[in-house]
Amino acid sequence: MPKSRIRKKDDFTPPPAKTTSLKMNSGRGWVAPLMLAMFLIGLAWIVLFYVSEGDLPIKALGNWNIVCGFGFIAVGFGVSTQWK
């Protein structure tokens, strides 16, 4: 009976390391400033409401001013999902 050939295996060579570069300006440079602006506007809205005892920013809204402030903050979180 003939002997089977033994194939020589190549030595293992690991794949080349991936080089990742962090690019801040990849077409979405507006995301971080807008996100921070929404957070700050929302925070300022709520603080101004409490400091002015309900007279500012919009007196007619009453306690809904808090909802508006948190709305700005929520928009900031929504915009943050676009950040890469």
Side-chain angles (χ1 to χ4, degrees):
M1 180 174 272
K3 264 189 165 181
S4 63
R5 274 197 228 164
I6 300 174
R7 289 185 250 160
K8 185 178 187 279
K9 293 183 179 179
D10 293 335
D11 292 335
F12 175 74
T13 55
K18 293 182 181 178
T19 57
T20 58
S21 62
L22 192 61
K23 294 181 181 179
M24 288 300 289
N25 196 2
S26 61
R28 295 192 180 186
W30 56 271
V31 174
L34 182 63
M35 174 184 67
L36 292 175
M38 291 292 113
F39 288 156
L40 292 176
I41 290 170
L43 179 65
W45 193 290
I46 294 171
V47 168
L48 186 62
F49 175 71
Y50 278 115
V51 169
S52 69
E53 297 178 355
D55 290 337
L56 292 173
I58 302 173
K59 188 173 184 175
L61 289 179
N63 287 334
W64 283 97
N65 279 305
I66 298 171
V67 175
C68 291
F70 278 113
F72 279 112
I73 294 171
V75 169
F77 278 115
V79 170
S80 71
T81 62
Q82 299 299 314
W83 194 6
K84 286 188 177 186

Engineer: So which pairs with a foot in residues 41-51 pass salt bridge (charged side-chain N to carboxylate O under 4.0 Å, His left out), sequence neighbours left out?
Structural biologist: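 Passing the test, one end in residues 41-51: no pairs.
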Engineer: Does one hydrophobic cluster hold both Ile58 and Phe70, with members joined at side-chain heavy-atom distances below 4.5 Å?
Structural biologist: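 Yes, Ile58 and Phe70 fall within the same hydrophobic cluster.
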Engineer: Work out which heavy atom in Arg28 is nearest to a heavy atom in Gln82; give both atom names and the distance.
Structural biologist: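 Arg28 and Gln82 have their closest heavy atoms at NH1-O, 2.9 Å.
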Engineer: When you measure from the side chain of Asn65 to the backbone of Gly54, do you find a donor-acceptor pair of N or O atoms at a distance under 3.5 Å?
Structural biologist: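 Answer holds: no.
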Engineer: Give every residue pair that meets the ring-ring contact (aromatic ring centres under 6.0 Å, His included) criterion with at least one member in residues 34-61, sequence neighbours excluded.
Structural biologist: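 Counting only pairs at least two positions apart or across chains, the ring-ring contact (aromatic ring centres under 6.0 Å, His included) contacts touching residues 34-61 are Phe39-Phe77, Trp45-Phe72.
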Engineer: Test of understanding: with side-chain contact (heavy atoms from CB on, under 4.5 Å), list the residues that count as partners of Val79, not counting sequence neighbours.
Structural biologist: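 For Val79 the side-chain contact (heavy atoms from CB on, under 4.5 Å) partners, ignoring immediate neighbours, are Trp30, Val31, Leu34, Met35, Val75.
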Engineer: Group every Ile, Leu, Val, Met, Phe, Trp and Tyr by side-chain heavy-atom contacts under 4.5 Å, then state whether Leu43 and Val67 land in the same group.
Structural biologist: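 Unlinked, Leu43 and Val67 end up in two clusters.
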Engineer: Under the side-chain hydrogen bond (donor to acceptor under 3.5 Å, both in side chains) rule, what pairs show up with a residue in residues 53-64, not counting sequence neighbours?
Structural biologist: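 Listed by first then second residue: nothing to list.
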Engineer: Over all heavy atoms of both residues, which pair between Leu61 and Cys68 is shortest? Give the atoms and the distance, please.
Structural biologist: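 Where Leu61 meets Cys68 most closely, the heavy atoms are CD1-SG, 3.8 Å.
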Engineer: What heavy-atom pair brings Gly78 and Thr81 nearest, and what distance separates the two atoms?
Structural biologist: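 Nearest heavy atoms, Gly78 then Thr81: O-OG1, 2.6 Å.
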Engineer: Any chance you could measure Ile46, atom CD1, to Ile41, atom CD1, to the nearest 0.5 Å?
Structural biologist: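 So the gap between those two atoms works out to 12.5 Å.
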Engineer: Which pair of heavy atoms, one from Pro33 and one from Gly29, lies closest together, and at what distance?
Structural biologist: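 Answer, listing the atom of Pro33 first, then Gly29: CD-O, 3.2 Å.
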Engineer: Applying side-chain hydrogen bond (donor to acceptor under 3.5 Å, both in side chains), which residue pairs with at least one partner in residues 35-44 are found, sequence neighbours left out?
Structural biologist: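 Sorted result for residues 35-44: empty, none.
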Engineer: Tracing side-chain links under 4.5 Å among I, L, V, M, F, W and Y, which residues wind up in one group with Phe12?
Structural biologist: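 Its cluster partners, ordered by chain and number, are none at all.
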